[in-house]
There are 2 protein chains.
Amino acid sequence: MVRAGLTPERLAQGGAELADEVGFDQVTVSALARRFDVKVASLYSHLKNSQDLRTRIALLALEELADRGAAALAGRAGKDALAAFANVYRDYAREHPGRYAAARFRLDPEAAAASAGGRHAQMTRAILRGYDLTEPDQTHAVRMLGSVFHGYVSLEMGGGFSHSAPDSQESWARILDALDALLRNWPAP
Amino acid sequence: MVRAGLTPERLAQGGAELADEVGFDQVTVSALARRFDVKVASLYSHLKNSQDLRTRIALLALEELADRGAAALAGRAGKDALAAFANVYRDYAREHPGRYAAARFRLDPEAAAASAGGRHAQMTRAILRGYDLTEPDQTHAVRMLGSVFHGYVSLEMGGGFSHSAPDSQESWARILDALDALLRNWPAP
DNA sequence: CCATTTGCCTAAAGGCATTAGGCAAATGCA
DNA sequence: TGCATTTGCCTAATGCCTTTAGGCAAATGG
């Protein structure tokens with residue numbers, strides 16, 4: 001019989017596509033096998049288990065997101081950088097809901113260390129270079145930005161803002177204005 | 001044989017406890033049946049299906065959270081109210097991680113309408129009475145506060161802030177300071 | 001060209017969700 | 001109190017998912 005040419009990378013890629021189609025928590029080793037037209041057990045030569053699959057998809061999503069973030073930050077500073085970076089998260093979540101959910105998957109410490117998580121933190125810090133914050137406020141601000149981006153996107157995707165005025169796009173824009181204003185006037189302790 | 005005295009309410013309660021013990025997504029009809037020392041099929045007289053169980057747990061968690069929020073807001077205003085309300089979310093998530101996760105579970109529209117979701121939005125609006133915002137900025141601010149609270153708690157629970165200085169408690173306090181400052185100086189469009 | 005490795009397969013066991021059908025306990029009404 | 005009905009939990013069965021073991025054929029490399 002002809003071999004399918006599976007690799008962990010191709011499986012993670014296929015898993016990511018599957019996640020966008022059916023949702024990250026519907027990503028199952030069985031469904032992935034069907035997608036590659038292969039028997040389920042075959043995947044276990046390339047994947048440790050189902051958790052391993054999910055982890056690989058998460059790592060892939062984090063890398064993609066970090067790449068987009070880096071591209072968005074290039075040549076920008078201040079509010080411009082802030083908005084561009086924030087939009088990367090929001091747009092990625094809209095284009096790739098399954099991958100975005102994967103990026104929020106809780107990784108075990110080992111995978112987390114090998115992930116693009118560090119790049120994300122670095123980029124957020126880079127945005128803050130356009131504002132006048134010193135440690136430890138810079139760290140507090142990094143955490144706050146991460147919270148707003150993640151929180152907003154996650155509530156928006158959950159449909160939290162969809163059935164009421166004003167429209168979500170407008171809130172997003174005004175929240176970015178507000179964050180910019182806040183970072184320019186970060187309160188003293 | 002002696003009857004177990006199951007009801008949808010007792011099952012939701014047991015499910016909530018189970019969620020706190022093993023995590024919301026490990027809450028399964030089977031595990032719940034074991035907890036009540038009853039056969040799995042028996043639960044289907046009281047629950048439509050597994051989704052129904054999760055929905056009931058989510059509704060229960062949302063009610064509990066709204067009750068705590070209401071208690072925290074009573075007699076407070078301004079930053080005091082803001083911080084008390086924010087701490088309700090954070091503390092609830094720490095005490096009841098499974099229930100908190102349940103509260104974030106995506107409900108179908110019908111369940112969402114019957115949920116305490118509306119009370120949550122009302123309470124957040126009540127906090128903003130202590131600040132000088134008019135529509136539509138008030139709505140933007142409601143959405144932003146929701147995003148920060150949810151985002152921070154969720155990143156913190158995911159371990160995002162645990163292995164780095166400064167300590168998460170300090171960031172949380174400073175972020176609440178920052179939000180208070182921002183609401184007092186909300187930027188004009 | 002053949003030995004070894006590698007990749008996908010069949011088979012099987014165990015878990016969860018869900019439905020159908022049955023019997024006994026509880027309930028309600030004369 | 002006595003009996004009919006309803007209700008609650010049970011057994012049985014199906015189907016899908018995960019994971020492991022063991023086998024055969026394709027690819028590889030000396």
Side-chain angles (χ1 to χ4, degrees), chain A residues 1-60 98-99 101-102 105-108 110-111, chain B residues 1-60 98-99 101-102 105-108 110-111:
Chain A
M1 68 214 55
V2 181
R3 296 195 176 184
L6 307 177
T7 64
E9 292 69 31
R10 286 193 60 204
L11 290 174
Q13 183 64 41
E17 290 160 14
L18 188 58
D20 287 334
E21 292 161 18
V22 304
F24 184 61
D25 27 62
Q26 311 304 319
V27 171
T28 155
V29 179
S30 296
L32 193 58
R34 279 193 292 275
R35 166 176 263 264
F36 280 93
D37 202 34
V38 130
K39 298 296 173 183
V40 187
S42 307
L43 300 199
Y44 284 85
S45 312
H46 308 281
L47 302 172
K48 214 153 83 346
N49 50 37
S50 159
Q51 160 89 7
D52 182 32
L53 170 61
R54 278 185 268 272
T55 298
R56 286 174 191 277
I57 300 172
L59 292 175
L60 178 133
R99 282 154 145 103
F105 180 63
R106 186 170 184 165
L107 298 170
D108 58 83
E110 192 199 352
Chain B
M1 70 212 53
V2 181
R3 297 195 176 185
L6 306 179
T7 65
E9 292 68 33
R10 286 192 61 203
L11 290 174
Q13 183 65 40
E17 289 161 15
L18 188 58
D20 287 334
E21 291 162 18
V22 304
F24 183 59
D25 25 63
Q26 311 304 318
V27 172
T28 159
V29 180
S30 297
L32 192 58
R34 279 192 292 275
R35 167 177 263 264
F36 280 93
D37 203 32
V38 131
K39 297 296 171 182
V40 185
S42 307
L43 300 199
Y44 284 84
S45 314
H46 307 281
L47 302 172
K48 211 151 90 322
N49 51 35
S50 159
Q51 161 88 9
D52 182 34
L53 170 61
R54 278 186 269 272
T55 298
R56 286 174 191 277
I57 299 172
L59 293 175
L60 178 136
R99 284 155 144 101
F105 179 63
R106 186 170 182 165
L107 297 172
D108 58 84
E110 192 198 353

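None of these values were measured; they are calculated from a predicted model. Reminder, nothing fancy here: chain letters follow the sequence lines and each chain counts from 1.
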- request: For the side chain of B/Ser30, starting at C-beta, report the closest nucleotide among C/dC16, C/dC9, C/dT18.
  value: C/dC16
query: Of the nucleotides D/dT18, C/dA20, C/dC8, which has the atom closest to the A/Val29 side chain?
result: D/dT18
task: May I ask you to verify if any side-chain N or O of B/Thr28 is less than 4.0 angstrom from the OP1 or OP2 atom of C/dA17?
output: yes
- request: Report the distance from atom CG of B/Leu32 to atom OG1 of B/Thr28, rounding to the nearest 0.5 Å.
  value: 8.5 Å
- prompt: What nucleic acid atoms does A/Leu6 come within less than 4.0 Å of, heavy atoms only: base, sugar-phosphate, or nothing?
  reply: sugar-phosphate
query: B/Asn49 CG to D/dG15 C1': how many Å, rounded?
result: 16 Å
- prompt: Rounding to a whole Å, what distance do you find between B/Leu47:CG and C/dT18:P?
  reply: 10 Å
query: If you measure from CZ on B/Arg99 to CD1 on B/Ile57, what distance do you get to the nearest 0.5 Å?
result: 9.5 Å
- prompt: What integer distance in Å separates B/Leu32:CG from C/dA17:C1'?
  reply: 13 Å
field: Whole-Å gap separating C1' (C/dA17) and CD (B/Gln26)
entry: 16 Å
Pair B/Ser50-B/Arg54, side-chain donor/acceptor within less than 3.5 Å: yes
field: Interatomic distance, B/Arg35 CZ vs D/dC9 P [rounded to whole Å]
entry: 17 Å
query: Does B/His46 place a side-chain N or O at less than 4.0 Å from the phosphate oxygens OP1/OP2 of D/dC9?
result: yes
message: Rounded to the nearest 0.5 Å, what separates atom NZ in B/Lys39 from atom OH in B/Tyr44?
response: 15.0 Å
task: Would you give the length of the straight line joining atom CZ of A/Arg35 to atom CG of A/Asp37, rounded to the nearest 0.5 angstrom?
output: 12.0 Å
query: Do the side-chain N or O atoms of A/Arg34 get closer than 4.0 angstrom to the phosphate oxygens (OP1, OP2) of D/dC17?
result: yes
- prompt: C/dA11 P sits how many Å from A/Tyr44 OH, rounded?
  reply: 19 Å
query: Rounded to the nearest Å, what distance is computed from the CZ atom of residue B/Arg54 to the P atom of nucleotide C/dC16?
result: 13 Å
query: Between atom NZ in B/Lys39 and atom C1' in C/dA17, what is the gap in whole Å?
result: 16 Å
- prompt: Can you tell which of D/dG8, D/dT19, C/dC9 lies closest to the side chain of A/Ser42?
  reply: C/dC9
